[in-house]
*Asks:* 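Following this message is one structure expressed as structure tokens.
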Amino acid sequence: MSPAEILLVGGGAFLAGAMNAMAGGGTFFSFPALLAAGVPPVVANASNCVALWPASLSSAWAYRKEVMRHPRWTLMLVIAAFIGGITGGLLLLATSNAAFARLIPWLLLVATVLFAFSSQVSRLVRSVKARIGLGGHAGGAPGGVGGLLFQLVVAIYGGFFGAGLGILTLAALAIQGVEDIQELNGLKNLTSAVNYTFAAGTFIIAGAVSWPHTILMTATAMAGALAGAALARRLPALWLRRLVVAVGSTLTTVYFAKTYF
């Protein structure tokens, strides 16, 4: 890599680690940086996943207290992320990105809208459950079978491509009844870490990774993740929610323009 490519790829990974720790959408910075450095798309996608994996572990560790408020439900989320990460990684290796890429803007649009109105949707879901006698989880834990299935779909998407995975995960968790923004961020970081772990393992075994780019990105993304997690814990909840919606809106606009115009 030339010095310019090192700055481009390293800087993109630092921003990706920071954004994933705060609100998601980090792939928006790191994946285009790899493409601009001349890495082929599928290899760039696989390398990006492997490079962001250690950063996701750092972010999850920073929120270890928040993710253990409902340990049994957290375990179910981890299992969904595990299955989805492997499944999505295998799908990427077996199919072309082209057809699925056309769905990405729509997925991001739905996720952003769901998160922006997650409080209203969550109240509606609780109201419907109460009417049909399904309200009240043991120990006050959020979630349910439907929510876990939604989380599994999100995890498969994350293993396949991953752009906007944080936004989709936040939307899924918020709709399931997680209201505290720090717990939302912690669970998002934990499930993303599990997802990245098994998707990355799939790509490494398949030999689909560019290691020079990946090693550089791993170091800078971990530094960005630590900085982003520290900043996220100091931001007021309203600001962090607005940041999530802003990132989701930006991702949606960019991917619509890139895909259809």
*Asks:* Could you tell me which non-hydrogen atom of A208 sits nearest to which non-hydrogen atom of A46, and how far apart they are?
*Replies:*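 Result for this residue pair: O-CB, 3.3 Å.
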*Asks:* Indicate yes or no: at least one non-hydrogen side-chain atom of R64 is less than 4.5 angstrom from one of L190.
*Replies:*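 The answer is no, as the side chains (C-beta and beyond) never meet within the 4.5 Å cut-off.
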*Asks:* Would S2 and I6 satisfy side-chain contact (heavy atoms from CB on, under 4.5 Å), going step by step from the backbone distance to the final call?
*Replies:* CA-CA 6 Å; S2 68; I6 291 174; over 6 Å; no
*Asks:* Using a 4.5 Å cut-off on heavy atoms from C-beta on, say whether the side chain of S30 contacts that of L15.
*Replies:*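 L15 vs S30: side chains apart.
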*Asks:* About how many Å separate CH2 of W53 and CZ of F198, when rounded to the nearest 0.5 Å?
*Replies:*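 F198 atom CZ to W53 atom CH2 measures 10.0 Å (nearest 0.5 Å).
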*Asks:* Just how far is it from atom CG of L109 to atom OG1 of T253, taken to the nearest 0.5 Å?
*Replies:*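 Here the rounded value is 9.0 Å.
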*Asks:* Flag yes if L93 and F82 sit in one hydrophobic cluster, no otherwise; membership is Ile, Leu, Val, Met, Phe, Trp, Tyr, and two members link when side-chain heavy atoms are under 4.5 Å apart.
*Replies:*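 Linked, L93 and F82 end up in one cluster.
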*Asks:* State, with a plain yes or no, whether a side-chain heavy atom of N48 is found less than 4.5 Å away from one of L52.
*Replies:*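 Side chain of N48 against side chain of L52, heavy atoms only: contact under 4.5 Å found.
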*Asks:* Taking all atoms of both residues into account, what is the closest heavy-atom pair of A33 and G12, and its distance?
*Replies:*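 Heavy-atom minimum between the residues: CB-CA, 4.4 Å.
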*Asks:* Let me check something: do V42 and Y196 share a hydrophobic cluster, defined by ILVMFWY side-chain heavy atoms less than 4.5 Å apart, either directly or through other members?
*Replies:*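 Each belongs to a different hydrophobic cluster.
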*Asks:* If you measure from CE on M76 to OG1 on T74, what distance do you get to the nearest 0.5 Å?
*Replies:*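 Between atom CE of M76 and atom OG1 of T74 there are 11.0 Å.
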*Asks:* Do W239 and L243 come close enough that some side-chain heavy atom pair is under 4.5 Å?
*Replies:*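 Not touching, per the 4.5 Å side-chain cut-off.
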*Asks:* Which atoms form the tightest heavy-atom contact between A155 and A81, and what is the distance?
*Replies:*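 For A155 versus A81, the nearest heavy atoms are CB-CA, 3.8 Å.
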*Asks:* For L57 and T197, run side-chain contact (heavy atoms from CB on, under 4.5 Å): C-alpha distance rounded to whole Å, both residues' side-chain angles, the deciding distance at 0.1 Å, then the answer.
*Replies:* CA-CA 9 Å; L57 295 178; T197 296; 4.2 Å; yes
*Asks:* L152 and L148: side-chain contact (heavy atoms from CB on, under 4.5 Å), yes or no, with the steps?
*Replies:* CA-CA 6 Å; L152 176 61; L148 287 173; over 6 Å; no
*Asks:* For the residue pair L34 and V43, establish whether any side-chain heavy-atom pair is separated by less than 4.5 Å.
*Replies:*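 Side chain of L34 against side chain of V43, heavy atoms only: no contact under 4.5 Å found.
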*Asks:* In Å, rounded to the nearest 0.5 Å, how long is the span from CG of N189 to CG of L184?
*Replies:*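 Rounded to the nearest 0.5 Å, the CG-CG separation comes out at 10.5 Å.
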*Asks:* Between V154 and I86, is there a shared hydrophobic cluster once you connect ILVMFWY residues whose side-chain heavy atoms come closer than 4.5 Å?
*Replies:*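 In one cluster with V154: I86, yes.
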*Asks:* Any side-chain heavy-atom pair from V67 and E183 closer than 4.5 angstrom?
*Replies:*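 A side-chain contact is absent here, since even the closest heavy-atom pair is not under 4.5 Å.
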*Asks:* If we only count heavy atoms from C-beta on, is the W211 to V50 side-chain gap below 4.5 Å?
*Replies:*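 They are in contact (side-chain heavy atoms under 4.5 Å apart), so the answer is yes.
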*Asks:* Minimum heavy-atom separation for G159 and F203, please, with both atom names.
*Replies:*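 What the structure gives for the nearest pair is O-CZ, 3.6 Å.
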*Asks:* Is a side-chain N or O of T259 found less than 3.5 angstrom from the main chain of F256, in a donor-acceptor match?
*Replies:*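 Checked: no pair found.
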*Asks:* Which value, rounded to the nearest 0.5 Å, describes the distance between I156 atom CD1 and I83 atom CD1?
*Replies:*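 Reported to 0.5 Å precision, the distance equals 9.0 Å.
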*Asks:* With a 4.5 Å heavy-atom cut-off, do L216 and P212 have their side chains touching?
*Replies:*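 No; the side chains remain at least 4.5 Å from each other.
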*Asks:* Using modelled atom types and a 3.5 Å cut-off, is there a donor and acceptor pairing between side-chain atoms of N45 and backbone atoms of F160?
*Replies:*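 Yes; judged by distance alone, with no hydrogens or angles, the pair exists.
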*Asks:* Ignoring hydrogens and geometry, is there a side-chain-to-backbone donor-acceptor pair from S47 to A44 under 3.5 Å?
*Replies:*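 It does not hold such a pair.
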*Asks:* Kindly give the heavy-atom pair with the smallest separation between A37 and E5, and that separation in Å.
*Replies:*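 What the structure gives for the nearest pair is O-OE2, 3.5 Å.
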*Asks:* Can you tell me how far CG of L107 sits from CZ of R102, rounded to the nearest 0.5 angstrom?
*Replies:*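 Those atoms lie 13.5 Å apart.
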*Asks:* Does W61 share a hydrophobic cluster with L77, counting links as ILVMFWY side-chain heavy atoms below 4.5 Å and allowing steps through other members?
*Replies:*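 W61 does not cluster with L77.
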*Asks:* If two hydrophobic side chains count as joined below 4.5 Å and joins carry through other members, does M19 share a cluster with L35?
*Replies:*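 Linked, M19 and L35 end up in one cluster.
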*Asks:* Using modelled atom types and a 3.5 Å cut-off, is there a donor and acceptor pairing between side-chain atoms of R234 and backbone atoms of L231?
*Replies:*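 No.
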*Asks:* For M222 and P54, work out which heavy atoms get closest and say how close.
*Replies:*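 Between these two residues, the closest heavy atoms are SD-CB, 3.6 Å.
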*Asks:* Begin with the C-alpha distance, continue with both residues' side-chain angles, and end with the deciding distance and a verdict on side-chain contact (heavy atoms from CB on, under 4.5 Å) for V245 and F117.
*Replies:* CA-CA 10 Å; V245 174; F117 297 97; over 6 Å; no
